[in-house]
Amino acid sequence: MESRNRDLDIVRELRSARETAVSRSSSGELAEVFSGDDGPTGSVYVVKLLDVHPRLGKVAGRRLLADIGVEPLARVADLTAEQRARILAEVAPA
């Protein structure tokens with residue numbers, strides 16, 4: 001039973017991190033989300049963050065990932081520094 005409770009706590013933590021990351025991305029705070037990739041935020045799918053970002057959306061976000069060679073189900077922790085920089089440059093205000 002103790003193992004199950006521990007597992008449920010981990011799932012809650014991951015879910016909370018995902019919800020927070022998606023919320024921040026939808027507010028345009030993608031750089032802040034990328035800076036917190038060492039914890040549970042690193043397990044969030046990049047495509048999910050780009051889908052809700054106000055400057056991209058589903059089509060443009062997926063096109064951007066394809067252009068820079070990022071797999072559709074890549075997670076934040078999987079991105080290289082160069083890939084992060086290209087994504088952030090794309091979503092930067094004009």
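Index from 1, following the sequence.
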same_hphob_cluster(V76, L88) at 4.5 Å side-chain heavy-atom cutoff =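 Yes, same cluster.
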Would you kindly confirm whether L73 and L14 end up in one hydrophobic cluster when ILVMFWY residues are joined by side chain heavy atoms under 4.5 Å apart?
->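 The answer is no; the residues belong to distinct hydrophobic clusters.
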Sequence neighbours left out, what pairs pass salt bridge (Lys or Arg N to Asp or Glu O under 4.0 Å) with at least one residue falling in residues 7-22?
->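 Applying salt bridge (Lys or Arg N to Asp or Glu O under 4.0 Å) to every pair that reaches into residues 7-22, excluding sequence neighbours, yields D9-R12.
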Go through the structure and list residues passing side-chain hydrogen bond (donor to acceptor under 3.5 Å, both in side chains) with N5, not counting sequence neighbours.
->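 For N5 there are no side-chain hydrogen bond (donor to acceptor under 3.5 Å, both in side chains) partners, ignoring immediate neighbours.
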Hey, could you give me the [atom1]/[atom2] distance between [X] and [Y], rounded to the nearest 0.5 Å?
X: I68; Y: E90; atom1: CD1; atom2: CD; result: 9.0 Å
X: T41; Y: R24; atom1: OG1; atom2: CZ; result: 8.5 Å
X: K58; Y: R63; atom1: NZ; atom2: CZ; result: 14.5 Å
X: R4; Y: L8; atom1: CZ; atom2: CG; result: 5.0 Å

Quick one: are S25 and V52 in side-chain contact, heavy atoms under 4.5 Å?
->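 When only atoms from C-beta onward are counted, V52 and S25 do touch, with a gap below 4.5 Å.
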Note, R62 side chain near L50 side chain (heavy atom, < 4.5 Å) |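 Not in contact.
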With L64, which of V47, L56, V59 fulfils side-chain contact (heavy atoms from CB on, under 4.5 Å)?
->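 Considering V47, L56, V59, a side-chain contact (heavy atoms from CB on, under 4.5 Å) with L64 is found only for L56.
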Any sub-3.5 Å donor-acceptor pair from S23's side-chain atoms to T20's backbone N or O?
->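 Checking the backbone N and O of T20 against the side chain of S23, no donor-acceptor pair under 3.5 Å is found.
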Under 3.5 Å donor-acceptor, R84 side chain and S35 backbone =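 Judged by distance alone, no pair lies under 3.5 Å.
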List the steps, then state whether side-chain contact (heavy atoms from CB on, under 4.5 Å) holds for I87 with L65.
-> CA-CA 8 Å; I87 291 170; L65 290 179; 4.1 Å; yes
P54 and S26: which non-hydrogen atoms are nearest, and at how many Å?
->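 Shortest heavy-atom separation between P54 and S26 comes out as CD-O, 3.6 Å.
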